[in-house]
Structure formats: structure tokens, C-alpha cells
Amino acid sequence: MKVRKAVLPVAGFGTRFLPATKSSSKEMLPLVDKPLIHYAVEDAIDAGIEQIIFITGRGKRAIEDYFDISFELEYHLKAQGKENLVKEMRKISNMADFVYIRQKEPKGLGHAVLRAKDVVGNEPFAVILADDVIQNGKSGTKQLVEVFERYNCSVIGLEEVDPEEVSSYGIVSGAGIEEGVFKLDNFVEKPKKGKAPSNLAIIGRYIFTPFIFEELEKTKPGAKGEIQLTDAIATLSKKEVIYGKTMEGKRFDCGNKLGFLQATIEFALNDENLKDEFEKYLKEVVKC
Ligand code: UTP
């Protein structure tokens, strides 16, 4: 069955970016000139996704406005003769069919995904976290869809991380079955250093069969008192095979300040109109 829908949870408080996220959304932070959420939607579209289901919360109106038509802006741009910009802005609202569901309280990523149960229905779907931006590779979601189409099972995006960093991630282990693809058998949310079953970390790209919803409904609050997606994946794995796929391309964790700054620099150095002057400027600054 084709993967047609993607759930994009954006209801978190983004506390690592306070005060910037006090009145606006972390997912609207831009890498050069496009907000993180735009890259996440592109990742979905490149994988053939037709419907984007945002799980939103209080203070996230900017995301709805971003993917909507802005009549005032278009009127203003037309009056200035900037027809190309009008077209570009219109393209954003035509990228996909957008659906918005409220998560009344941020009770965890698992709780957020479960909110999409009725809209997703009985079909496989993707989950995409806008924090994780993948550069220079194929769309992360597309890479997982390709594995899903071969095995018809849930597939999770993975990255080999430094063993020092395992306690920041959900960690998995399993048997390699083809280049970069693993049949997973062990799932641990944020293990202590030295206690992790491997250094294969879950990153923010997933394809699930609809059976994940049954597991989420049964999942009790875990780490931080939140309903953890990783806990539901672990129980699902006892009933059906789950695969993992290491992602091609460079991943940036834009959910923390350092990762966000690294991504900003690399995206600017890749921007045709900026790169020469920006590189010159960086060299000057680093010399000091
Ligand atoms: P994070 O763990 O990064 O949480 O969530 P956060 O609130 O965004 O950021 P910090 O940790 O406070 O700085 C991963 C993704 O899951 C969403 C977030 O919006 C983010 O995209 N999320 C998290 C929800 O939608 N609901 C939740 O209850 C928790």
C-alpha cells in the first residue's frame, strides 16, 4: 500500500530555544530563508506524500498561516510588480493537502502521533520531525519509503552516533540484512552511557503501519512523564518486524542551538547567492 500521509508533530514547547520560542514556534526558525518546517514538508513531498497532518498546539498559528494563502502579501507584491514572488508564495500553499489537529497539552511525541489516528485511518503513514534536517541526500522519508515498499513493515530512520551521545537518543540494535538496513530487536529510550545496545540512534523519520496506534493507546507515560513513541515501537516490535535504515546525507539536529547554528552555516555555504561573500566573512571572523 502506498504511503500517502505524513504526521508532523509541532506541538512541543521548544524549551531549548527559549526565549525565542516563548511566543513563536521552534519549527518556524529559518535556515537561511526557509523555516525548518518547510524543509520537513519538502522531505515528505519528495517521498510522494500527498497529505500533511500537523499536530499543533497553542502558539503555533504561524505554521498554519505559512502554509495558507496570504491575500494581503500577494496584493502588495503584485502592486510592486513582483509576480515571481507571488508565484513562489502561492507554491507553498499548494505543496500538499494540509490538515491541522490540536494536541491540547504536550504530553509527549507518542501522545502527539496518536492524535492523528482518525485522520490517518487504516493505512501506513510517515512521521517527520522538523528538528532533524537532512542535507545533500535523498529525502529521508523517501529513503524509508523505499525500504517499506520492499518489506511492507514499519521502518525507522537511524544514524550512527558517537557512543558519548547515546543518552540523548532512542537507541536500537538488530541484525544487518542489506546495506544500511537492519531488522531491529532492541529499543531503549535514552540509555545511560555504556549501557546502550549499540550506537544506532533513532532520528526524526519513521514509516509506521497503522498498528502503532494500538500500541500508543496502551503506552503509559515513561521518561519525563511523557508518552514516548520509542516505548510504543518497542511493544509493536514484539508483534511485527520493524526495520531500521541508516540515512544517506548529512543530518543536523536543529532542536538544539549548536546543531541549528551548524545547519545555518552549512546551508548558507550552499546557497548560490550567499556562499562567496559568506565564506569570505567566516574566514575573517575565524581568524580573530
Ligand atoms: P522535542 O523532544 O524536541 O521537544 O520534540 P520540544 O518541546 O520540541 O523541544 P524542547 O526539548 O523542549 O527544547 C520533538 C518533536 O515532537 C514534537 C515537537 O514539537 C518536536 O517537533 N512534540 C513533542 C509534540 O508535538 N508534542 C509533544 O508533546 C512533544
Side-chain angles (χ1 to χ4, degrees), residues 5-31 34-44 52-64 66-67 98-117 119-120 125-134 140-141 156-157 159 161 165-171 188-191 201-206 208 212-213 216-217 219-233 251-261 263:
K5 302 182 180 186
V7 176
L8 275 64
V10 294
F13 280 132
T15 50
R16 283 168 289 176
F17 279 95
L18 282 169
T21 46
K22 189 176 172 211
S23 60
S24 77
S25 168
K26 170 178 73 174
E27 294 81 8
M28 287 302 292
L29 291 171
L31 290 180
K34 274 195 300 195
L36 294 176
I37 196 68
H38 189 132
Y39 293 99
V41 170
E42 280 178 344
D43 198 87
I52 304 285
I53 305 161
F54 289 109
I55 311 299
T56 72
R58 234 172 294 281
K60 302 284 177 171
R61 269 288 302 278
I63 295 177
E64 292 177 42
Y66 185 80
F67 291 103
F98 297 107
V99 176
Y100 298 87
I101 300 174
R102 289 282 280 230
Q103 183 191 20
K104 290 182 201 151
E105 289 173 85
K107 288 186 181 169
L109 178 57
H111 182 261
V113 172
L114 182 55
R115 305 271 70 71
K117 182 178 178 231
V119 178
V120 169
F125 66 103
V127 172
I128 301 174
L129 304 188
D131 283 6
D132 280 324
V133 178
I134 298 167
T141 308
I156 294 167
E159 183 178 88
V161 295
E165 292 176 9
V166 287
S167 50
S168 308
Y169 292 92
I171 300 290
V188 195
E189 182 63 26
K190 302 191 171 67
I202 299 178
I203 61 150
R205 299 288 182 280
Y206 313 78
F208 290 117
I212 191 71
F213 291 124
L216 283 168
E217 274 168 340
T219 304
K220 300 264 177 318
K224 293 200 282 177
E226 296 181 342
I227 295 177
Q228 297 290 345
L229 184 58
T230 310
D231 291 344
I233 298 172
R251 181 195 63 107
F252 296 94
D253 178 1
C254 295
N256 71 68
K257 288 177 205 166
L258 183 62
F260 177 74
L261 291 171

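Indexing begins at 1, ligand by ligand and atom by atom, following the structure's order. For this chain, numbers begin at 1 and follow the sequence in order. None of these values were measured; they are calculated from a predicted model.
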Contacts of Ala201 meeting side-chain contact (heavy atoms from CB on, under 4.5 Å) (sequence neighbours excluded), chain-then-number -> Val161, Tyr169, Ile171

Q. Does a side-chain N-to-carboxylate-O contact under 4.0 Å join Glu226 and Lys107?
A. no

For Asp43, the salt bridge (charged side-chain N to carboxylate O under 4.0 Å, His left out) test, sequence neighbours excluded, returns Arg205

Sorted by chain and residue number, the residues with a non-hydrogen atom under 4.0 Å of ligand 1 are Pro9, Val10, Ala11, Gly12, Phe13, Gly14, Thr15, Arg16, Lys26, Glu27, Gln103, Pro106, Lys107, Gly108, Leu109, Ala112, Asp131

- Thr230 and Gln228: side-chain donor and acceptor closer than 3.5 Å? no

Applying side-chain contact (heavy atoms from CB on, under 4.5 Å) to Ala44 and not counting sequence neighbours gives Ala6, Ile49, Ile52, Ile128

Looking at Tyr39, is Lys34 sitting on its ring face, NZ or CZ under 6.0 Å from the six-membered ring centre and within 45 degrees of the normal?
-> yes

